[in-house]
Amino acid sequence: MAAKKKEAKPISAIAAAVMIVIAFLAMGVFLVYMFSSGEGGVESSIDTSLEQSFGAESSIAPPVSEIEVKETMADAEVGDGVIFGSYEQNGNTADGSEPLEWIVLEKQSDKLLLISRYCVDTLPYNTERADTEWAESSLHTFLNSDFCNQAFTAEELSEIIGESKVTMLSAEEAVKYYEYDSWRMAEATKYAVSKGARIENGSCWWWLTDKGSIENSASYIHFDGTIRSAGFSVDYGAVAVRPVIWVSSEAETETEEISEPASEEVSE
C-alpha cells in the first residue's frame, strides 16, 4: 500500500505578518544606507554643532562664539576679530554704513587673511546664466569695484594686498580653515537679508569661488555648513556673499561698535 504524502501546512497569519515586518525593516535599512551620503553627490557630511565632538586629533581650533576684537592688526591672532572698513549692514541706509568686522583666518609675518564675520550682501555669482570662471564673474567684478569703493577708504584700499583686492573662499580653503561643516555656518546682516538672503535657523547660504559640478552653476555653503559642490545656477539671487581679503599687518583698525546680524528667518 502506497504511503500517503504529507500535506504542506499553510503558513500561519502571524508568521506571514512577521515576515512582512522583517522585509520592511530591511528595505528601510537599505534606503538609509543609499541616501546617507547626502544629496547631489556632496562629499562633505552634514554635521551640526550639537552632534559633533571635536577630538584632539583636529589640527584646527574650533571657532569661538565670543570673538575678541583686537585694536590693532599686529595684535590679532587666528580666530580674533578686527574692525576694518564699513558697509551697510543694519538695513537702514539713512544712518550710513556700519563698521565691518572680520575674523583672522591666517596670520603671516607681514599680512593677515581676513573673512567677514557675517555675510554682508546678497548677489548672484554671475548675472548671466553661463559657464563662468570666478575671475570673469559679475560678483568678482562687484567685489573689486562697487564693494571696494563703498567699504574702504583710499588709505584702507592701499593696505589690502593682491591684484584682486577682494575674493571669497574656495571649497578647498573652506575645508582648510573650517575643518567641520558646522564651523562654516554663517549669519547674514539685515541688509543681506533685505537683498534676498535665505535664512534657516539663523544661518544662510553663501557662495564659494568654485564652479559647480552641474552646468552653469557655482558651489556654495549650505545652511548646515556643508559644501554643495553641485551648486546653484550662477544667476540665482538668494545666496549671500562673505568677502575675504589679505591685509597688511600694519593696517589701521577701527574700534567702533559693530552691527548685529539679522534675526529674521526666511523659509527655504
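Since the structure is predicted, the reported quantities are computational estimates derived from the model, not experimental observations. We use all heavy atoms of the structure for the numbers below, so side chains are in, but hydrogens, waters and symmetry mates are not.
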How close do V78 and E106 get, heavy atom to heavy atom, and via which atoms?
CG2-CA, 4.0 Å
Compare all side-chain heavy atoms of L139 with those of W134 and state whether any distance is below 4.5 angstrom.
yes
Atom CG in L112, atom CD in E77: separation rounded to 0.5 Å?
8.5 Å
Between A188 and I199 the two heavy atoms that sit nearest each other are CB-CD1, 3.9 Å
Ring pair (Phe, Tyr, Trp, His ring centres under 6.0 Å) with W206: which residues, sequence neighbours excluded?
none
Rounded to the nearest 0.5 Å, what separation is found between the CH2 atom of W207 and the CG atom of D121?
13.5 Å
If I take atom OH from residue Y118 and atom CG from residue L100, how far apart are they, to the nearest 0.5 angstrom?
11.5 Å
With the 4.5 Å side-chain cut-off for hydrophobic clustering, are I221 and I214 part of the same group?
no
Y177 side chain near I103 side chain, heavy-atom distance below 4.5 Å:
no
So do the side chains of W205 and H222 get within less than 4.5 Å of each other, counting heavy atoms only?
yes
Sub-3.5 Å donor-acceptor pair from the side chain of Q89 to the main-chain atoms of P99, do we have one?
yes
Got a sec: does the CD of E252 have more than 12 other heavy atoms crowding it under 6.0 Å?
no
How many angstroms lie between atom SG of C204 and atom CZ of R242, to the nearest 0.5 angstrom?
8.0 Å
Hey, does F147 have a side-chain heavy atom less than 4.5 Å from the side chain of K165?
no
Looking at every heavy atom in both D80 and I67, which two are closest together, and how far apart are they?
C-CG2, 3.9 Å
Could you go step by step and tell me if R184 and V175 meet the side chain to side chain contact (heavy atoms under 4.5 Å, CB included) rule?
CA-CA 9 Å; R184 304 183 202 110; V175 173; 3.9 Å; yes
Under 3.5 Å, is there a donor-acceptor pair between the side chain of T189 and the main chain of N90?
no
Is it the case that more than 12 heavy atoms not belonging to E155 sit under 6.0 Å from its CD atom?
no
Answer yes or no: is there a side-chain heavy-atom contact under 4.5 Å between E88 and E98?
yes
Who pairs with F142 by ring pair (Phe, Tyr, Trp, His ring centres under 6.0 Å), at least two apart in sequence or on another chain?
none
Test your reading of the model: is there a side-chain donor-acceptor pair from T122 to the backbone of S194, 3.5 Å cut-off?
no
Partners passing salt bridge (charged side-chain N to carboxylate O under 4.0 Å, His left out) against E133 (at least two apart in sequence or in another chain)
K211
Any Q150 side-chain heavy atom under 4.5 Å of S97 side chain
no
In Å, rounded to the nearest 0.5 Å, how long is the span from SG of C119 to NZ of K195?
13.0 Å
How many angstroms lie between atom CG of N126 and atom CD of E136, to the nearest 0.5 angstrom?
9.5 Å
Are the side chains of I245 and F84 in touch, meaning some heavy atoms are under 4.5 Å apart?
yes
If I compare all heavy atoms of P243 with all of V166, which pair ends up nearest, and what's the gap?
CB-CG1, 3.7 Å
With E250, which residues qualify under salt bridge (charged side-chain N to carboxylate O under 4.0 Å, His left out), at least two apart?
none
Scanning both residues in full, the closest heavy-atom pair of S164 with H140 reads OG-NE2, 3.1 Å
Taking every non-hydrogen atom, the tightest pair across E156 and T153
OE1-N, 2.8 Å
Please list, chain by chain and in numerical order, all residues satisfying salt bridge (charged side-chain N to carboxylate O under 4.0 Å, His left out) with D210, sequence neighbours excluded.
none
Distance-only side-chain donor-acceptor flag, D224 / T226, under 3.5 Å:
yes
Donor-acceptor under 3.5 Å (S203 side chain, M185 main chain):
no
With a 3.5 Å cut-off and sequence neighbours excluded, list the donor-acceptor pairs that the side chains of residues 232-241 form with protein atoms.
residue, atom, partner, partner atom, Å
S233, OG, R129, NE, 3.0
S233, OG, D235, OD1, 2.5
D235, OD1, R129, NE, 3.1
D235, OD1, R129, NH2, 3.3
D235, OD2, R129, NE, 3.2

Might you work through the side chain to side chain contact (heavy atoms under 4.5 Å, CB included) test for K176 and L105, ending with a clear yes or no?
CA-CA 10 Å; K176 176 182 177 181; L105 291 178; over 6 Å; no
Could you tell me if the side chain of E159 sits less than 4.5 Å from the side chain of M73, heavy atoms only?
no
